[in-house]
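For reference, the structure discussed in these notes is given below.
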Amino acid sequence: MPDDTVFTADHVGKVYRTGEVEVVALRDVSLQIRRGEFIVLLGASGSGKSTLLNILGGLDVASSGSVHFGAQALTGAGEAALTRYRREHVGFVFQFYNLIPSLTVRENVALVTDIATDPMGVDEAIALVGLMPRADHFPAQLSGGEQQRVAIARAIVKKPEVLLCDEPTGALDYATGKLVLEVIARINAELGTTAVVITHNAAIAGMADRVVHLGDGTIQRIETNAHKISPAELRW
Ligand code: ADP
Ligand code: MG
């Protein structure tokens, strides 16, 4: 395995069983992601995007096949090892921001640094998402896009190797969504954080190094962008 491979998914399958009902969420997914890559996951609702992201992030486990983070096997790892993996290496951003309403921006971000081994400065993370002027404000005083940028600051303050984003702009309008994507692109470019971003929106795919198209639980094709579009140039 090359040194710069962050993720190796090998023939990954995922089946959810609820009582007698079986849902095949992923079938035979194989994918390698290199350090510093910006990957966009595209696909219709129900195509398996979140399932794949959650398995990469150690929030869920594959039913078959194997997943490695570098040399570390995530498949077969116990719950304690997966918790440690998530804590040390993964930043998550979801559609909803999950900020603590009674804490300021700075306090929301600082919470995470208590359990991180080598965090960056809280203000450094807030500055990276362009929110220093709002550091002492509460979530309710911020727009949706600003709240999402706080969530991104919280995800990156522990300096994770990977940033996994599940529809980070799903609840945002065009302009604020674009700002959020710019922040993710800047973090990828400036910190070298490997980023995997799920979206419904094909128009943001131009930002990625590679676009992975999922359909019906399988990878249908992977596009490589020779020239990445800066998020500021995107239109949708
Ligand atoms: P996407 O994120 O692309 O919309 P998901 O990965 O969430 O797709 O879901 C893929 C399939 O797996 C869907 O059919 C979905 O209903 C099913 N699924 C996802 N999570 C669960 C779960 N916890 N239990 C049962 N079925 C699930
Ligand atoms: Mg999803």
Side-chain angles (χ1 to χ4, degrees), residues 6-33 37-69 74-79 82-83 85-86 90-99 144-145 147-148 151-152 154-155 160 162-174 176-178 180-181 184 194-223 236:
V6 179
F7 286 117
T8 307
D10 199 26
H11 300 291
V12 169
K14 178 67 183 180
V15 180
Y16 289 107
R17 289 188 185 82
T18 318
E20 310 205 324
V21 182
E22 271 196 358
V23 177
V24 179
L26 293 176
R27 56 188 108 218
D28 202 28
V29 167
S30 295
L31 178 67
Q32 291 202 341
I33 297 176
E37 269 198 295
F38 193 124
I39 300 280
V40 162
L41 280 184
L42 278 184
S45 183
S47 59
K49 304 181 299 295
S50 296
T51 301
L52 178 57
L53 199 81
N54 290 343
I55 290 172
L56 295 178
L59 288 172
D60 205 343
V61 290
S63 309
S64 56
S66 68
V67 179
H68 286 78
F69 171 75
L74 301 183
T75 29
E79 196 48 55
L82 286 180
T83 301
Y85 159 67
R86 292 193 301 266
V90 187
F92 290 102
V93 177
F94 298 102
Q95 180 172 350
F96 300 104
Y97 327 119
N98 302 312
L99 303 176
Q147 291 184 56
Q148 187 61 297
I152 293 170
R154 183 184 54 186
V162 296
L163 183 60
L164 304 181
C165 308
D166 194 341
E167 306 207 20
T169 64
L172 301 175
D173 62 40
Y174 167 80
T176 45
K178 205 171 80 157
V180 164
L181 294 170
I184 294 169
T194 308
V196 185
V197 181
I198 292 180
T199 178
H200 273 114
N201 200 319
I204 78 154
M207 279 173 50
D209 292 300
R210 288 191 295 157
V211 183
V212 176
H213 294 260
L214 278 176
D216 199 23
T218 64
I219 294 179
Q220 301 196 314
R221 65 198 163 92
I222 300 180
E223 287 169 78
W236 69 83

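Remember, it's 1-based here, ligands and their atoms both numbered in the order they're listed. None of the values given here were measured: they were computed from a predicted structure. Here, residue 1 is the first one in the sequence, and each next residue gets the next number.
Between V162 and V196, the closest side-chain pair of non-hydrogen atoms is not below 4.5 Å. I55 places none of its side-chain heavy atoms less than 4.5 Å from the side chain of V29. Looking only at side-chain heavy atoms (C-beta outward), L99 and R154 come within less than 4.5 Å of each other. F69 has its side chain out of reach of V90: every pair of non-hydrogen atoms, C-beta onward, lies at least 4.5 Å apart.
In this comparison of A44, G43, G46, the heavy atom closest to atom 11 (C) of ligand 1 sits on G46.
Atom 8 (O) of ligand 1 has its closest protein heavy atom at G48 N, 3.2 Å. Among all protein heavy atoms, the one lying closest to atom 12 (O) of ligand 1 is A25 CB, 3.3 Å. The shortest contact between atom 27 (C) of ligand 1 and any protein heavy atom is with Y16 CD1, 3.2 Å.
Considering both main-chain and side-chain atoms, V23 never comes within under 3.5 Å of ligand 1 through any nitrogen or oxygen pair. Of the N or O atoms in K49, one or more lie within a sub-3.5 Å distance of an N or O in ligand 1.
No donor-acceptor distance shorter than 3.5 angstrom exists from the side chain of Q95 to the backbone of C165, with no hydrogens or angles considered. Within the 3.5 Å criterion, the main-chain N or O of F94 finds no donor-acceptor partner in the side chain of D166. Judged purely by atom type and a 3.5 angstrom limit, T8 has no side-chain atom pairing as donor or acceptor with the backbone of Q32.
With a 4.0 Å cut-off on non-hydrogen atoms, T51 touches ligand 1 through its backbone as well as its side chain.
Within the 4.0 angstrom cut-off, atom 15 (C) of ligand 1 has no protein heavy-atom neighbours. Within the 4.0 angstrom cut-off, atom 6 (O) of ligand 1 has one or more protein heavy-atom neighbours.
Salt bridge D216/R27: present, at least one basic N to carboxylate O contact under 4.0 Å.
Contact annotation: S50 places an N, O or S atom under 2.8 Å from the Mg ion (ligand 2).
Ligand-side atoms of ligand 1 in range of S50: 1 (P), 2 (O), 6 (O), 7 (O), range being under 4.0 angstrom from any heavy atom.
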